[in-house]
Amino acid sequence: TQLLEQSPQFLSIQEGENLTVYCNSSSVFSSLQWYRQEPGEGPVLLVTVVTGGEVKKLKRLTFQFGDARKDSSLHITAAQPGDTGLYLCAGDNTGNQFYFGTGTSLTVIP
Amino acid sequence: DAGITQSPRHKVTETGTPVTLRCHQTENHRYMYWYRQDPGHGLRLIHYSYGVKDTDKGEVSDGYSVSRSKTEDFLLTLESATSSQTSVYFCAITPSGTGVYGYTFGSGTRLTVV
(Lines give C-alpha, C1' and ligand atoms only; values in the text may rest on other atoms or scores of the structure.)
Protein backbone atom coordinates (compact mmCIF):
# COMPACT_ATOMS: atom_id res chain seq x y z
CA THR A 1 0.00 0.00 0.00
CA GLN A 2 1.44 3.33 -1.11
CA LEU A 3 0.85 6.05 1.43
CA LEU A 4 1.55 8.81 -1.07
CA GLU A 5 0.30 8.66 -4.64
CA GLN A 6 1.91 10.84 -7.25
CA SER A 7 0.47 11.74 -10.64
CA PRO A 8 1.23 11.66 -13.40
CA GLN A 9 3.84 8.93 -13.27
CA PHE A 10 5.49 10.12 -16.49
CA LEU A 11 5.36 13.52 -18.17
CA SER A 12 7.02 14.64 -21.39
CA ILE A 13 6.59 18.25 -22.45
CA GLN A 14 8.10 20.87 -24.71
CA GLU A 15 10.36 23.57 -23.39
CA GLY A 16 8.34 26.61 -22.34
CA GLU A 17 5.20 24.72 -21.33
CA ASN A 18 3.70 24.74 -17.85
CA LEU A 19 3.00 21.62 -15.80
CA THR A 20 1.62 20.48 -12.47
CA VAL A 21 2.53 17.38 -10.49
CA TYR A 22 0.29 16.08 -7.72
CA CYS A 23 0.96 14.24 -4.48
CA ASN A 24 -2.10 12.81 -2.72
CA SER A 25 -2.80 10.81 0.40
CA SER A 26 -5.65 9.87 2.71
CA SER A 27 -3.33 10.53 5.66
CA VAL A 28 -2.56 13.83 7.33
CA PHE A 29 1.07 14.88 7.32
CA SER A 30 2.81 17.20 9.74
CA SER A 31 5.15 18.22 6.94
CA LEU A 32 5.70 17.42 3.31
CA GLN A 33 8.76 17.75 1.13
CA TRP A 34 9.56 17.77 -2.56
CA TYR A 35 12.79 16.39 -3.98
CA ARG A 36 14.32 16.22 -7.45
CA GLN A 37 16.51 13.30 -8.41
CA GLU A 38 18.79 13.06 -11.42
CA PRO A 39 20.07 9.77 -12.85
CA GLY A 40 22.83 8.20 -10.77
CA GLU A 41 22.38 10.60 -7.89
CA GLY A 42 20.42 10.84 -4.66
CA PRO A 43 17.34 13.03 -4.31
CA VAL A 44 17.93 16.69 -3.55
CA LEU A 45 15.55 18.61 -1.34
CA LEU A 46 13.64 21.41 -3.07
CA VAL A 47 11.23 22.57 -0.39
CA THR A 48 9.51 21.70 2.88
CA VAL A 49 5.94 22.81 3.62
CA VAL A 50 4.49 22.52 7.11
CA THR A 51 1.32 24.64 7.27
CA GLY A 52 -1.99 23.76 5.62
CA GLY A 53 -2.59 26.06 2.64
CA GLU A 54 1.04 27.13 2.53
CA VAL A 55 2.47 28.24 -0.81
CA LYS A 56 6.21 28.44 -1.46
CA LYS A 57 7.97 29.64 -4.58
CA LEU A 58 11.41 28.67 -5.79
CA LYS A 59 12.09 30.62 -9.00
CA ARG A 60 9.77 29.00 -11.59
CA LEU A 61 8.57 26.31 -9.18
CA THR A 62 5.49 26.83 -6.98
CA PHE A 63 4.67 24.38 -4.20
CA GLN A 64 1.36 24.21 -2.37
CA PHE A 65 0.34 22.23 0.69
CA GLY A 66 -3.34 21.35 0.88
CA ASP A 67 -5.50 22.96 3.53
CA ALA A 68 -6.08 19.58 5.21
CA ARG A 69 -2.38 18.68 4.93
CA LYS A 70 -3.17 15.52 2.94
CA ASP A 71 -1.98 16.62 -0.47
CA SER A 72 0.44 18.85 -2.29
CA SER A 73 1.17 20.12 -5.77
CA LEU A 74 4.21 21.28 -7.67
CA HIS A 75 3.71 23.69 -10.55
CA ILE A 76 6.51 24.54 -12.97
CA THR A 77 6.18 27.58 -15.18
CA ALA A 78 7.94 27.73 -18.54
CA ALA A 79 9.73 24.41 -18.12
CA GLN A 80 13.35 24.16 -19.22
CA PRO A 81 15.47 21.11 -20.12
CA GLY A 82 17.30 21.55 -16.82
CA ASP A 83 14.06 20.73 -15.02
CA THR A 84 14.24 17.16 -16.33
CA GLY A 85 14.37 14.62 -13.54
CA LEU A 86 12.41 12.49 -11.11
CA TYR A 87 10.26 14.52 -8.71
CA LEU A 88 9.47 12.89 -5.39
CA CYS A 89 7.18 13.97 -2.60
CA ALA A 90 7.73 12.73 0.95
CA GLY A 91 5.54 13.10 4.00
CA ASP A 92 6.11 12.83 7.72
CA ASN A 93 3.09 11.61 9.70
CA THR A 94 4.57 9.40 12.40
CA GLY A 95 7.76 11.12 13.39
CA ASN A 96 11.29 9.82 12.76
CA GLN A 97 10.60 8.61 9.24
CA PHE A 98 9.21 9.92 5.98
CA TYR A 99 7.14 8.11 3.40
CA PHE A 100 7.96 8.69 -0.24
CA GLY A 101 5.72 8.72 -3.26
CA THR A 102 6.70 6.67 -6.32
CA GLY A 103 7.70 9.78 -8.20
CA THR A 104 6.95 11.68 -11.39
CA SER A 105 9.49 11.36 -14.16
CA LEU A 106 9.63 14.65 -16.09
CA THR A 107 11.29 15.10 -19.46
CA VAL A 108 11.50 18.57 -20.96
CA ILE A 109 12.24 18.48 -24.66
CA PRO A 110 14.26 21.39 -26.08
CA ASP B 1 30.95 19.79 -0.31
CA ALA B 2 29.34 16.39 0.24
CA GLY B 3 28.59 15.94 3.93
CA ILE B 4 27.52 12.37 3.31
CA THR B 5 29.32 9.66 1.37
CA GLN B 6 28.38 6.09 0.56
CA SER B 7 30.70 3.25 -0.25
CA PRO B 8 31.02 1.37 -2.43
CA ARG B 9 29.21 3.10 -5.30
CA HIS B 10 28.78 -0.15 -7.19
CA LYS B 11 28.98 -3.76 -6.10
CA VAL B 12 28.26 -7.12 -7.66
CA THR B 13 28.00 -10.03 -5.28
CA GLU B 14 26.89 -13.64 -5.35
CA THR B 15 23.75 -15.03 -3.81
CA GLY B 16 24.31 -16.16 -0.23
CA THR B 17 27.28 -13.93 0.53
CA PRO B 18 27.23 -11.24 3.21
CA VAL B 19 27.50 -7.64 2.06
CA THR B 20 28.09 -4.45 4.05
CA LEU B 21 27.37 -0.97 2.76
CA ARG B 22 28.77 2.06 4.53
CA CYS B 23 27.37 5.53 5.04
CA HIS B 24 29.64 8.22 6.43
CA GLN B 25 28.58 11.74 7.40
CA THR B 26 30.51 14.81 8.50
CA GLU B 27 27.46 16.87 9.54
CA ASN B 28 27.11 15.44 13.07
CA HIS B 29 23.41 14.78 12.39
CA ARG B 30 21.61 12.58 14.86
CA TYR B 31 19.33 10.75 12.41
CA MET B 32 20.52 8.42 9.68
CA TYR B 33 18.45 6.26 7.34
CA TRP B 34 18.86 3.50 4.81
CA TYR B 35 16.44 3.36 1.88
CA ARG B 36 16.23 1.16 -1.18
CA GLN B 37 14.89 2.42 -4.48
CA ASP B 38 13.24 0.10 -6.98
CA PRO B 39 11.18 0.84 -10.09
CA GLY B 40 7.49 1.04 -9.26
CA HIS B 41 8.11 1.17 -5.51
CA GLY B 42 9.90 4.43 -5.00
CA LEU B 43 12.06 4.84 -1.91
CA ARG B 44 11.34 2.39 0.90
CA LEU B 45 12.80 2.61 4.37
CA ILE B 46 14.92 -0.32 5.52
CA HIS B 47 16.27 0.81 8.90
CA TYR B 48 17.02 4.06 10.61
CA SER B 49 19.04 5.31 13.56
CA TYR B 50 18.21 8.09 16.00
CA GLY B 51 21.52 8.01 17.82
CA VAL B 52 24.61 5.93 18.50
CA LYS B 53 23.51 2.32 19.08
CA ASP B 54 19.84 3.37 18.68
CA THR B 55 18.22 1.85 15.63
CA ASP B 56 14.75 0.83 14.48
CA LYS B 57 13.17 -1.09 11.63
CA GLY B 58 11.51 0.35 8.58
CA GLU B 59 8.92 -1.19 6.29
CA VAL B 60 11.31 -3.53 4.41
CA SER B 61 13.79 -4.62 7.09
CA ASP B 62 13.71 -8.41 6.56
CA GLY B 63 17.13 -9.72 5.52
CA TYR B 64 18.93 -6.55 6.62
CA SER B 65 20.70 -5.48 9.78
CA VAL B 66 22.35 -2.20 10.75
CA SER B 67 24.87 -0.89 13.20
CA ARG B 68 25.85 2.55 14.39
CA SER B 69 28.83 2.61 16.75
CA LYS B 70 29.78 6.21 15.97
CA THR B 71 27.72 9.28 15.11
CA GLU B 72 29.31 9.52 11.68
CA ASP B 73 28.95 5.94 10.45
CA PHE B 74 25.88 3.86 9.71
CA LEU B 75 26.41 0.38 8.28
CA LEU B 76 23.87 -1.71 6.41
CA THR B 77 24.50 -5.47 6.23
CA LEU B 78 22.81 -8.00 4.04
CA GLU B 79 23.39 -11.18 6.02
CA SER B 80 22.96 -13.51 3.04
CA ALA B 81 22.32 -11.64 -0.19
CA THR B 82 19.43 -12.68 -2.41
CA SER B 83 18.50 -11.60 -5.94
CA SER B 84 15.50 -9.69 -4.53
CA GLN B 85 17.98 -7.41 -2.79
CA THR B 86 19.35 -6.18 -6.09
CA SER B 87 18.58 -2.49 -5.84
CA VAL B 88 19.96 1.00 -5.42
CA TYR B 89 20.57 1.81 -1.78
CA PHE B 90 20.53 5.34 -0.43
CA CYS B 91 21.65 6.68 2.88
CA ALA B 92 20.09 9.87 4.21
CA ILE B 93 20.72 12.15 7.17
CA THR B 94 18.78 14.83 8.99
CA PRO B 95 19.40 16.73 12.21
CA SER B 96 15.90 16.21 13.59
CA GLY B 97 13.24 13.51 13.48
CA THR B 98 10.65 16.07 12.43
CA GLY B 99 10.15 16.90 8.78
CA VAL B 100 11.24 20.49 8.98
CA TYR B 101 14.80 20.05 7.75
CA GLY B 102 14.30 17.37 5.12
CA TYR B 103 16.86 14.77 4.22
CA THR B 104 20.31 15.02 2.70
CA PHE B 105 20.95 11.95 0.59
CA GLY B 106 24.13 10.22 -0.43
CA SER B 107 24.80 9.37 -4.07
CA GLY B 108 23.71 5.77 -3.65
CA THR B 109 25.14 2.28 -3.94
CA ARG B 110 24.04 0.15 -6.85
CA LEU B 111 24.04 -3.46 -5.66
CA THR B 112 23.61 -6.40 -8.00
CA VAL B 113 23.16 -9.89 -6.56
CA VAL B 114 23.83 -12.63 -9.13
Side-chain angles (χ1 to χ4, degrees), chain A residues 1-10 21 23-25 27-52 54 56 58 63 65 69-70 72 74 85-105, chain B residues 1-7 9-10 21 23-25 27 29-51 54-61 66 87-110:
Chain A
T1 302
Q2 198 68 31
L3 199 60
L4 285 163
E5 298 287 342
Q6 286 188 241
S7 62
Q9 189 175 358
F10 299 96
V21 175
C23 175
N24 295 299
S25 176
S27 299
V28 176
F29 293 96
S30 56
S31 67
L32 195 140
Q33 293 135 17
W34 285 92
Y35 294 81
R36 180 168 65 213
Q37 183 178 20
E38 299 189 12
E41 296 296 328
V44 175
L45 180 68
L46 296 173
V47 76
T48 299
V49 286
V50 296
T51 304
E54 183 176 4
K56 281 192 174 179
L58 185 65
F63 305 85
F65 201 12
R69 291 186 289 127
K70 292 183 179 181
S72 181
L74 158 60
L86 179 68
Y87 288 81
L88 296 160
C89 65
D92 166 29
N93 73 339
T94 62
N96 286 346
Q97 57 180 289
F98 305 157
Y99 292 89
F100 282 81
T102 51
T104 294
S105 180
Chain B
D1 63 340
I4 176 172
T5 54
Q6 291 183 234
S7 58
R9 287 297 311 273
H10 302 272
L21 308 183
C23 178
H24 178 78
Q25 61 143 332
E27 304 295 326
H29 286 342
R30 179 180 173 190
Y31 290 82
M32 300 185 75
Y33 303 79
W34 278 107
Y35 282 88
R36 60 178 289 175
Q37 187 173 36
D38 304 287
H41 291 280
L43 283 156
R44 292 180 292 173
L45 182 65
I46 305 171
H47 281 280
Y48 67 98
S49 169
Y50 46 96
D54 292 323
T55 65
D56 205 350
K57 297 179 180 180
E59 62 178 309
V60 291
S61 60
V66 290
S87 185
V88 181
Y89 291 85
F90 286 100
C91 178
I93 60 174
T94 189
S96 166
T98 69
V100 175
Y101 299 101
Y103 285 164
T104 300
F105 281 86
S107 297
T109 294
R110 182 173 294 276

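This structure is a prediction, so every number in the text was calculated from the model and none was measured. Below, all heavy atoms of this structure are taken into account, side chains as well, without hydrogens, waters or symmetry copies. Just so we're on the same page: letters track the sequence lines, and every chain starts at 1.
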Task: Parallel, tilted or perpendicular: rings of B/Tyr103 and A/Phe98 (30°, 60°) - done: parallel
Open item on the list: Counting heavy-atom pairs under 4.5 Å with chain B, which one of A/Gly42, A/Gly40, A/Ala90 comes out on top?
Closed with: A/Gly42
Open item on the list: Counting only heavy atoms from other residues, nucleotides and ligands, does the tally under 6.0 Å from NZ of A/Lys56 exceed 12?
Closed with: yes
Task: Engaged part of A/Gln9 at the chain B interface, taking heavy atoms whose separation is under 4.5 Å - done: neither
Task: Test item: B/Glu59 and A/Leu3 side chains (from C-beta on) under 4.5 Å apart, heavy atoms - done: no
TODO: Could you tell me which of B/Tyr35, B/Phe90, B/Phe105 has the largest number of non-hydrogen atom pairs under 4.5 Å with chain A?
DONE: B/Phe105
Open item on the list: Given heavy-atom pairs under 4.5 angstrom as the criterion, report whether the side chain, backbone, both or neither of B/Gln6 touches chain A.
Closed with: neither
- [ ] Let me know if A/Phe29 has heavy atoms under 4.5 Å from chain B in its side chain, its backbone, both or neither.
- [x] neither
Open item on the list: To check you understand the geometry: which heavy-atom pair defines the closest contact between B/Gln37 and A/Leu88, and what is its length?
Closed with: NE2-CD1, 4.4 Å
Task: chain A contact via B/Arg110 - side chain, backbone, both or neither, heavy atoms under 4.5 Å - done: neither
TODO: Taking all heavy atoms of A/Pro43 and all of B/Leu43, pick out the closest pair and write down the distance.
DONE: CG-CD1, 3.9 Å
